[in-house]
Amino acid sequence: MRARPVILHLDLDAFFTAVEQLHKPSLRGKPVVVGGVGGRGVVSTASYEARVFGVRSAMPTAEARRRCPHAAYLAPRFEAYRDASHVVMDLAREVTPLLEQVSIDEAYLDLTPTLADGGVGTADAVDAVTAVAEGLRARIVAATGLTASVGAATSKLLAKIHSDLAKPDGLVVVPPGEEAATLAPMPVRAVPGVGPATAARLSAHGVTTVGRLAALELDEAVALLGTAHGTQLHAFAHGVDDREVVTERAAKSVSAETTFPSDVTDRVRLGSVLRDLAGRVGDRLRADGLSGRTIVLKARRHDFSTLTRSTTLDQPTDEDAVVVRHAERLLGGLDVSDGLRLLGVGVSGLSLYVQPDLLDGLLDDAPPPVRESDDDDDFVRPDAGGSTAADRGPVPVVAEPVPPAAPSWRPGQDVEHAEHGAGWVQGSGVGRVTVRFEGPNTPVGRVRTFATDDPDLVPAAPPVWHPDDG
DNA sequence: TCTGGGGTCCTAGGACCC
DNA sequence: TCTGGGGTCCTAGGACCC
């Protein structure tokens, strides 16, 4: 029998302001606000000293200044935060490699295998979890000076809710079996996924606590909130959450946007901002070895209403010029005479991309990999319909040319490529192998995906690029 | 008080194909 | 003459999270 899951949710306390107070001792013990400092800025993080004055995340900075004029107002310094985050996440990975980082300051840890020998489900187990969590919190403080709060429970849901209740600088362990009873008295807003709109809708039906939500019939919840949301929140309200800790997740979109200090009607100015945004998006696509098929333009009007316009290309791109051309066309279709307060550009429908010439070169030089695992059955040909392997049936096999079985690329193996420097194989699967490069000609961490020839399964269509398969 | 920037997921309607 | 159903893809908008 599988052991009952043990999940930790680790959440750094007032992270941005805590880093600033560490770097600048004169800020310690004083109200500090990090966020947009311009006229239309909002608060990202308020230190606990600033929260006393009613300053909160997502509040307009202008309002924060009214409530707490003597606070220090700082623009965010993401590089400093990323550095600190790396140190913390590395410490957490020493506890378990089963770590899912959900943002710069938050992660889930799955301790189930780590504690499997400790008799999970017994009274001792609570002590064991407590010891692991307190040990991690202590090492984080020692290494960085930052405090973290931790919730520990049998699911992500309970762990997350309780790291919040543990704040600041605390630990809450929810004993197994007490999940639903613990949730019942809480306001529905405590449940992740219940925002202002959902809370208002529930409240209009007399549902203000998690217990009342749990008391609804499933079909009532679905009628109220829709299939997906209703089903999930109904399960959450009963303390049921089977979501697993996922260690790696592929990006689904890349975007950049900017809010103007005052609304803009000038198309020349909008065009130049558009090119700048597209350049930022293109830089990040190329740095990550990604390209995408769908170009998205986002605009926010003077009344805060938001418009999006998108177009999908035949082939994915990571080129600024292509993104700009399509985004400009989309912008041309909008009425901007009342002025825009925000303009954004994004690319979605991402895939790991390799240029055809690179593909040829590498396949000539290197032996084809063999299939490493059986779980990569979601290979999708670029021109294929259907979303699962079962929908499409077997991938067609061509009669020739089938290369002979040869030494495979294995995860961790070193690979040389003239244009991309040295790299190592990160993963492999049917129809593709992922190589992470780090070399003189290649930004650190660039990922390229190369098509492969599997002796048993050769795609009929030339797999020059590969659709994102998660 | 007047609302950032980066994302994810879901819904709904229409086009299109078989 | 009038009328199908299922499935996928695309587009637009909205809720939510940090």
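This structure is a prediction, so every number in the text was calculated from the model and none was measured. Residue numbers start from 1 in every chain, and the chains themselves are labelled A, B, ... in the order their sequence lines are given, proteins ahead of strands.
Across all their heavy atoms, A:Met59 and A:Gly54 have their closest contact at CE-O, 3.1 Å. Residues A:Ser253 and A:Leu350 come closest through the heavy atom pair N-CD1, 3.6 Å.
For A:Lys252, the side-chain atoms get nearest to B:dT8 when compared with the rest of C:dC16, B:dG4, B:dT8. Here the nucleotide nearest the side chain of A:Thr198, chosen from B:dT3, C:dC18, C:dC16, is C:dC16. Taking only side-chain atoms of A:Glu257, from C-beta outward, the nucleotide of C:dT11, B:dT3, B:dG5 with the closest atom is B:dG5. Considering only the side chain of A:Arg66, B:dT1 comes nearest among C:dC17, B:dT1, B:dG5. Counting only heavy atoms from C-beta on, A:Lys160 has its side chain closest to C:dC18 among B:dT3, C:dC10, C:dC18.
The one candidate from A:Leu10, A:Asp11, A:Leu12 that meets the side chain to side chain contact (heavy atoms under 4.5 Å, CB included) condition with A:Glu106 is A:Asp11.
Going from the P atom of B:dC16 to that of C:dC2 covers 23 Å, rounded to whole Å. Taking atom C1' in both B:dG4 and C:dC17, one finds a spacing of 14 Å when rounded to whole Å.
Contacts of A:Arg65 with the nucleic acid, taken as non-hydrogen atoms under 4.0 Å apart, are absent. Here A:Arg300 lies in heavy-atom contact (under 4.0 Å) with sugar-phosphate atoms only. Residue A:Ser57 is classed as having no contact, given no heavy-atom separation below 4.0 Å to the nucleic acid. A:Arg67 comes within 4.0 angstrom of no nucleic acid atom, judged by non-hydrogen atoms across all strands. Within 4.0 Å of A:Val43, counting heavy atoms only, lies no atom of the nucleic acid at all. Nucleic acid contact class of A:Ala64 (heavy atoms, under 4.0 Å, all strands): none. Counting non-hydrogen atoms under 4.0 angstrom, A:Gly36 reaches nothing in the nucleic acid. Residue contacts for A:Leu307: at a heavy-atom cut-off of 4.0 Å it reaches the sugar-phosphate backbone alone, with no base atom in range. Among the protein residues, A:Val102 comes within range of no part of the nucleic acid, since none of its heavy atoms lies under 4.0 Å from any strand.
One finds no side-chain N or O of A:Ser255 lying less than 4.0 angstrom from the OP1 or OP2 phosphate oxygen of B:dG6. At the phosphate of B:dC2, neither OP1 nor OP2 sits under 4.0 Å from any side-chain N or O atom of A:Arg341. Taking only side-chain nitrogens and oxygens, A:Thr259 never comes nearer than 4.0 Å to OP1 or OP2 of B:dT3. Distances shorter than 4.0 Å separate none of the side-chain N or O atoms of A:Arg201 from OP1 or OP2 on C:dG14. Contact check, A:Thr308 against C:dT11: no side-chain N or O comes under 4.0 Å of OP1 or OP2. OP1 or OP2 of B:dT8 sits under 4.0 Å from a side-chain N or O of A:Ser253.
Here the C1' atom of nucleotide C:dT11 and the NE2 atom of A:His326 are 16 Å apart, to the nearest Å. Distance, A:Arg309 CZ to C:dG13 C1': 10 Å, rounded to whole Å. In this entry the distance linking CG of A:Leu343 with C1' of B:dG5 reads 14 Å, nearest Å. Between A:Asp11 atom CG and C:dC17 atom C1' the separation is 12 Å, expressed in whole Å. Nucleotide B:dC2 holds its C1' atom 18 Å from the CZ atom of A:Arg56, rounded to whole Å. As rounded to whole Å, 13 Å separates atom C1' of C:dT11 from atom CZ of A:Arg293. Taking atom NZ on A:Lys298 and atom P on C:dA15, their separation rounds to 13 Å, with Å as the unit. Atom pair A:Ile161:CD1 and C:dC18:P shows a separation of 11 Å (rounding to whole Å applied).
When both distances must be under 3.5 Å, the Watson-Crick or G-U wobble mate of C:dA15 is B:dT8.
Side-chain contact of A:Glu179 with A:Thr154: a donor-acceptor pair under 3.5 Å is present, judged by distance alone. For the residue pair A:Thr306 and A:Arg300, a side-chain donor N or O sits within less than 3.5 Å of a side-chain acceptor on the partner. For the 3.5 Å distance criterion, the side chains of A:Thr312 and A:Thr294 qualify, holding a donor opposite an acceptor.
Where stacking is scored as ring centres under 5.5 Å apart with planes under 30°, A:Phe304 registers as stacked on the base of B:dT3.
Remark: A:Glu79 does not engage A:Arg82 in a salt bridge, criterion side-chain N to carboxylate O under 4.0 Å. Salt bridge status for A:Asp320 with A:Arg286: present, with a side-chain N to carboxylate O gap under 4.0 Å.
Take the nearest nucleotide of DNA chain B for A:Pro60 and for A:Arg280: the residue whose nucleotide is more 5' is A:Pro60.
Note: A:Phe53 and A:His70 have perpendicular aromatic rings, judged against thresholds of 30 and 60 degrees for the angle between ring planes.
Within residues 215-233 of chain A, the residues approaching DNA chain B are A:Thr227, A:Ala228, by heavy-atom distance under 4.0 Å.
A:Lys30 places no side-chain N or O within 3.5 Å of a backbone atom of A:Ala71 that could act as its donor or acceptor partner.
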